[in-house]
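Only heavy atoms go into these numbers, but all of them, side chains included; no hydrogens, no water, no symmetry mates.
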Amino acid sequence: MTTMPTSTLTGQGTQGEDTVGKRPAAAASPRRSTARGRQARAAWILAAPFLALFLAFMLLPVVWSTLMSLTDTKSADLRTPLNVSFIGFDNYVRLFEDPQFFTALRNTGVFVLAALPLTLAAGLAAAVALDSGIRRFRAAFRVGFYLPVITSIVAVAVVWKTLLEPHTGLVNTVLAWFGIDGPAWLADTRFALPVMILMAVWRNLGTVMIIMLAGLQSVPHSLMEAAELDGASPWQRFWRVTFPLLRPALLLTAVTTGIGYLQFFDEPFVMTDGGPLDSTLSATLYAYKQFGNGNYDIASAAGYVVFVLIIALTVLQFRMLRDKD
């Protein structure tokens, strides 16, 4: 009888075991692919409503407005959009040749440069007061400061406009008690824009206060105690210890508030319609009026100028306020 070598039998057994062991893996691979395909299809189905809304209300308007800013699109061209002509950057050239647009940019710049630091300072001061100075009714103060933020800007503008009426408004009525003849606040070029700056600061400091308060409450007490033991004064503790730790909160509030202020529209639209003598005309209100006049090309170009200004301001704020470490 011939006996097979042990090594041969072992090798055959090993090969058989390898073959048997590989078969389930090869058989499982199509099942994994099928499962992944079902998951991918399910994910696309779930994302389809968002993608449809994004394409219809975000991407398509952006693309269309970009094309309008580079063509001579007017309201009369809506029925025949293929008849418009490509004119490149001529709309931007015409825009910067318009003195009214420069007035709108100047008003927007003054509004941002005045309202933004005042809002940040007032919000930070309110946060510090609530964190350390005010002990009783702290929740009531938080609600009171934040209430204007959640109130409709149109309602706020209407209330302020009523308060500032030259003859029947509460502000001039109170001034008359002290023998002061109050001006026509919203009809005077000297006061109309400052009034809107003051209203914007009052309305938006609540947002800054809430974020700054969260930042203040996250500062470790051990650092403050160590600084106090080193003989630092309250101002030195705030400026050297607390304020550097508030940089992330300050950056967030500065960016979001600055973006909102560069787009300020509701206040002049409701209260003055850009008057008197364009003293409260903003860049976004200028674009809105051009759109209403049927100049879709100029309106789109003005919108993209504001967009570039937003990017520039955001980059500047990141460079100034980001954490140096």
Looking at every heavy atom in both [X] and [Y], which two are closest together, and how far apart are they?
{"X": "Val306", "Y": "Leu262", "answer": "CG1-O, 4.0 Å"}
{"X": "Ala114", "Y": "Ile197", "answer": "CB-CD1, 3.8 Å"}
{"X": "Pro276", "Y": "Ala192", "answer": "CD-CB, 3.9 Å"}
{"X": "Val208", "Y": "Leu124", "answer": "CG1-N, 4.2 Å"}
{"X": "Pro220", "Y": "Leu245", "answer": "CD-CD1, 4.2 Å"}
{"X": "Thr66", "Y": "Tyr304", "answer": "OG1-OH, 2.6 Å"}

So, the side chain of [X] versus the backbone of [Y]: is there a donor-acceptor pair under 3.5 Å, distance only?
{"X": "Asn295", "Y": "Asp297", "answer": "no"}
{"X": "Gln236", "Y": "Ser233", "answer": "yes"}
{"X": "Asn172", "Y": "His167", "answer": "no"}
{"X": "Arg237", "Y": "Ala232", "answer": "yes"}
{"X": "Asp72", "Y": "Val84", "answer": "no"}
{"X": "Asn293", "Y": "Lys289", "answer": "yes"}
{"X": "Thr284", "Y": "Phe264", "answer": "yes"}
{"X": "Thr257", "Y": "Ala254", "answer": "no"}

With a 4.5 Å cut-off on side-chain heavy atoms, are [Y] and [X] touching?
{"X": "Phe291", "Y": "Ile298", "result": "no"}
{"X": "Leu193", "Y": "Val110", "result": "yes"}
{"X": "Val255", "Y": "Leu313", "result": "no"}
{"X": "Val156", "Y": "Trp202", "result": "yes"}
{"X": "Glu165", "Y": "Val171", "result": "no"}
{"X": "Tyr288", "Y": "Leu285", "result": "yes"}
{"X": "Leu250", "Y": "Phe243", "result": "yes"}
{"X": "Trp239", "Y": "Pro244", "result": "no"}

Return the [atom1] to [atom2] distance between [X] and [Y], rounded to the nearest 0.5 Å.
{"X": "Ser65", "Y": "Phe307", "atom1": "OG", "atom2": "CZ", "answer": "10.0 Å"}
{"X": "Asp90", "Y": "Glu97", "atom1": "CG", "atom2": "CD", "answer": "9.5 Å"}
{"X": "Met212", "Y": "Leu246", "atom1": "CE", "atom2": "CG", "answer": "6.0 Å"}
{"X": "Asp273", "Y": "Leu186", "atom1": "CG", "atom2": "CG", "answer": "12.5 Å"}
{"X": "His221", "Y": "Leu223", "atom1": "NE2", "atom2": "CG", "answer": "10.5 Å"}
{"X": "Asp278", "Y": "Arg106", "atom1": "CG", "atom2": "CZ", "answer": "9.0 Å"}

Exercise. Would you sort out whether Thr272 and Thr280 count as a side chain to side chain donor-acceptor pair (under 3.5 Å), showing the intermediate values?
Key: CA-CA 7 Å; Thr272 61; Thr280 59; 2.6 Å; yes

Exercise. Classify the angle between the aromatic ring planes of Phe101 and Tyr286 as parallel (below 30°), tilted (30 to 60°) or perpendicular (above 60°).
Key: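 The rings of Phe101 and Tyr286 sit tilted, inter-plane angle from 30° to 60°.
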
Exercise. Carefully, step by step, assess Phe111 and Asn107 under the rule side-chain contact (heavy atoms from CB on, under 4.5 Å).
Key: CA-CA 6 Å; Phe111 185 88; Asn107 294 338; over 6 Å; no

Quiz item: Got more than 12 heavy atoms from elsewhere within 6.0 Å of CG, Leu277?
Solution: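 Open: at most 12 neighbouring heavy atoms sit under 6.0 Å from CG of Leu277.
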
Self-check item: Other residues, nucleotides, ligands: >12 heavy atoms within 6.0 Å of Asp230 CG
Solution: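 Result for CG/Asp230: enclosed.
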
Indicate if [X] and [Y] have the same hydrophobic cluster label, given that clusters are the connected sets of ILVMFWY residues with side-chain heavy-atom separations under 4.5 angstrom.
{"X": "Val63", "Y": "Val308", "value": "no"}
{"X": "Leu60", "Y": "Phe57", "value": "no"}
{"X": "Tyr261", "Y": "Trp160", "value": "yes"}

Exercise. Show the numbers, then the answer: is there a side-chain contact (heavy atoms from CB on, under 4.5 Å) between Val158 and Lys161?
Key: CA-CA 5 Å; Val158 170; Lys161 185 177 181 179; 5.6 Å; no

Practice problem: Pick out which of Leu213, Thr242, Leu216 makes a side-chain contact (heavy atoms from CB on, under 4.5 Å) with Val128. | Solution: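 Exactly one pass, corresponding to Leu216.
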
Practice problem: Evaluate the side-chain contact (heavy atoms from CB on, under 4.5 Å) criterion for residues Thr314 and Phe318: first the C-alpha distance (whole Å), next the side-chain angles of each, then the deciding distance (0.1 Å), finally the verdict. | Solution: CA-CA 6 Å; Thr314 303; Phe318 266 93; 3.7 Å; yes

Practice problem: Apply side-chain contact (heavy atoms from CB on, under 4.5 Å) to Ile153 and Glu267, showing your working. | Solution: CA-CA 8 Å; Ile153 180 58; Glu267 299 92 334; 4.0 Å; yes

Quiz item: Just checking, any donor-acceptor pair under 3.5 angstrom between side chains of Tyr296 and Ser69?
Solution: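 Note: Tyr296 and Ser69 side chains miss the donor-acceptor criterion.
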
